[in-house]
Amino acid sequence: MRTLMPATVALAPPVLEIAALSASYGGGAQPLQAVRNVSFSIAPGEAYGLIGESGSGKTTIAYAVMRHVRDAQVRAERIALQGRDVLRMNAKELTTIRGRQVAMIYQDPMGALNPVLRIGEQVAEVLRRHRGLSRTAARARTIALLEQVHLPDPAATARRYPHQLSGGQQQRVVIAMAIACEPELLIMDEPTTALDVTTEAVILDLIRELRRSIGAAVLFISHNLAVVANVCDRVGVLYAGQLVEEGTVQQVLRTPRHPYTLGLLASIPRADGGLTRLRAIPGGLPDLRDIPTGCIFRARCDDAFAACGVVPQLVDVTPGHARRCHLGDEAARPIETYSTPRSVPRVEDEAAGDQPRLAIEGLTRWFRPDGAIPFLARVAPVRAVTDVT
């Protein structure tokens, strides 16, 4: 794990400051309380990872920062972007900051792109709207952005539609749109979840490169702890809408001090751990329409005791490392002792024998870009697959 945060970052005013944020869905007597009293900040050039299982409230926090959740459902003392309270902005002010000061990269790039517009037009629209560029200037800047995110043949890519690109290429286009105006804050909501591991590695390298080149602060939302460890400087652990642990990546992921963080780490396959059975956290998230009393994690915690009937506060255990837990040193035991290293028997498929389930011989698939008519097109075909066996 390495940090990319400059030593002077902590001295600068935060780019994003969230104080006592709560958000709920649905009306009536028992709304779903998705986020409750969450506070954190992100300094210039810093990457802050927000982790937790699905349903913990990570994306709700991102939408609250962008004001994509209805105001009546969001309450906070402050959601400040460069010192300006987002909750007090009118519709015109919000339109101005979205894309220019803060940009969001969604986890489904195909869903974030307009299927009926060419890639170049979608990127250029951001530049014309927020930077006031002419069509010619926006087109030239678009090509430069597509080249910056390492797309092959940017000029040809700009003429294509989203469905003509791979998942990794679509994600790079979404990143190009997000960085077009060099925003102060990038919000990345599971930006690599839908990608294969090879493409994921390329995208993560690109994110690190862009942090250095544009100096943006990053809110990186993920359930993939390995990705967070490679990208982020600090990390907050979210469970059932509450921040239960926060610190540097090294503090939280190497010396976790909350049972939930320990459980997350114990459920990850280890490259050096051999063939062992992973330990799953028992149970599931509580019903957030009826919040249980006491510690929110108590029902799933192996170490719960009488004091857990009282809601714990988020307090520092070491400088810069906070947790929401009543436990003492027992919450800081090594991950290896928390897991269950039992050997797993290999499964032999006796029925398969030597007969292959699938056989491919000499598979070739070429196609013409941009829907060109084969006997009229002068452009070279895209050689997607050639003679694969």
Side-chain angles (χ1 to χ4, degrees), residues 1-21 35 38-52 57-59 61-66 76 78-86 97-105 175 178-179 181-192 203-238 243-256 261 314 316-323:
M1 302 175 190
R2 60 173 179 171
T3 178
L4 298 174
M5 181 174 59
T8 58
V9 158
L11 302 178
V15 172
L16 176 67
E17 182 183 3
I18 295 177
L21 169 64
V35 176
V38 168
S39 301
F40 63 87
S41 62
I42 308 176
E46 180 185 23
Y48 185 94
L50 200 57
I51 64 175
K58 305 184 298 296
T59 298
I61 291 175
Y63 284 167
V65 173
M66 297 289 288
R78 184 175 173 84
I79 301 178
L81 182 65
Q82 293 285 44
R84 298 177 60 199
D85 195 339
V86 175
I97 69 162
R98 290 172 181 160
R100 179 183 295 180
Q101 288 184 273
V102 55
M104 190 165 178
I105 299 170
I175 292 174
I179 67 171
C181 297
E182 299 186 353
E184 287 89 1
L185 175 66
L186 278 173
I187 300 176
M188 299 184 170
D189 186 7
E190 302 276 10
T192 62
I203 295 297
L204 293 180
D205 285 340
L206 174 60
I207 292 171
R208 283 190 287 266
E209 178 184 324
L210 293 174
R211 281 186 60 197
R212 289 191 292 267
S213 63
I214 70 175
V218 176
L219 174 57
F220 193 93
I221 296 171
S222 182
H223 65 271
N224 190 325
L225 304 189
V227 169
V228 169
N230 280 309
V231 172
C232 298
D233 304 304
R234 289 192 301 129
V235 60
V237 182
L238 203 65
L243 200 64
V244 297
E245 188 166 3
E246 184 185 47
T248 66
V249 165
Q250 289 80 2
Q251 288 171 328
V252 174
L253 299 185
R254 287 185 174 175
T255 58
T261 314
L314 190 67
D316 284 345
V317 288
T318 58
H321 189 182
R323 69 170 181 186

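Any value given below was found using the heavy atoms of this structure, including those in side chains, with hydrogens, waters and symmetry copies removed. Computed from a predicted structure; not experimentally measured.
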Name all residues meeting the ring-ring contact (aromatic ring centres under 6.0 Å, His included) criterion together with Y48; count only those two or more places apart in sequence or in a different chain, and write none if there are none.
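F40.
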Heavy-atom pair of closest approach, residues [X] and [Y]:
X	Y	value
C181	G99	CB-O, 3.5 Å
A216	P183	CB-O, 3.4 Å
V249	A229	CG1-CA, 3.9 Å
V235	V228	CG2-CG1, 4.0 Å
P14	P44	CA-CD, 4.4 Å
V15	A43	CG2-C, 4.1 Å

Any sub-3.5 Å donor-acceptor pair from [X]'s side-chain atoms to [Y]'s backbone N or O?
X	Y	answer
R98	M66	yes
K58	G52	yes
Q251	P319	yes
R208	V231	no

Who are the side-chain contact (heavy atoms from CB on, under 4.5 Å) partners of L314, not counting sequence neighbours?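 Result, side-chain contact (heavy atoms from CB on, under 4.5 Å) vs L314: L243, A322, R324.
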_Checking T192 now: which residues fulfil side-chain contact (heavy atoms from CB on, under 4.5 Å) with it, not counting sequence neighbours?_
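Partners of T192 under the side-chain contact (heavy atoms from CB on, under 4.5 Å) test: L195, E200, I203, L204, V227.
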Any [X] side-chain heavy atom under 4.5 Å of [Y] side chain:
X	Y	value
V102	V86	no
Q82	I97	no
H321	V252	yes
E190	S222	yes
I214	L186	yes

Which residues pass the salt bridge (Lys or Arg N to Asp or Glu O under 4.0 Å) test with [X], not counting sequence neighbours?
X	result
E184	none
R78	E17
D316	none
E245	none

To the closest 0.5 Å, what do you measure between [atom1] ([X]) and [atom2] ([Y])?
X	Y	atom1	atom2	result
L219	I105	CG	CD1	11.0 Å
T318	R323	OG1	CZ	10.0 Å
L253	L225	CG	CG	6.0 Å
D233	Q250	CG	CD	8.5 Å
F220	I187	CZ	CD1	13.0 Å
L50	I221	CG	CD1	5.5 Å

| said: Run the side chain to side chain donor-acceptor pair (under 3.5 Å) test against E209 and tell me which residues pass, sequence neighbours left out. | reply: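 So E209 forms a side chain to side chain donor-acceptor pair (under 3.5 Å) with H150.
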Q) Could you go step by step and tell me if I61 and L238 meet the side-chain contact (heavy atoms from CB on, under 4.5 Å) rule? A) CA-CA 10 Å; I61 291 175; L238 203 65; 3.8 Å; yes
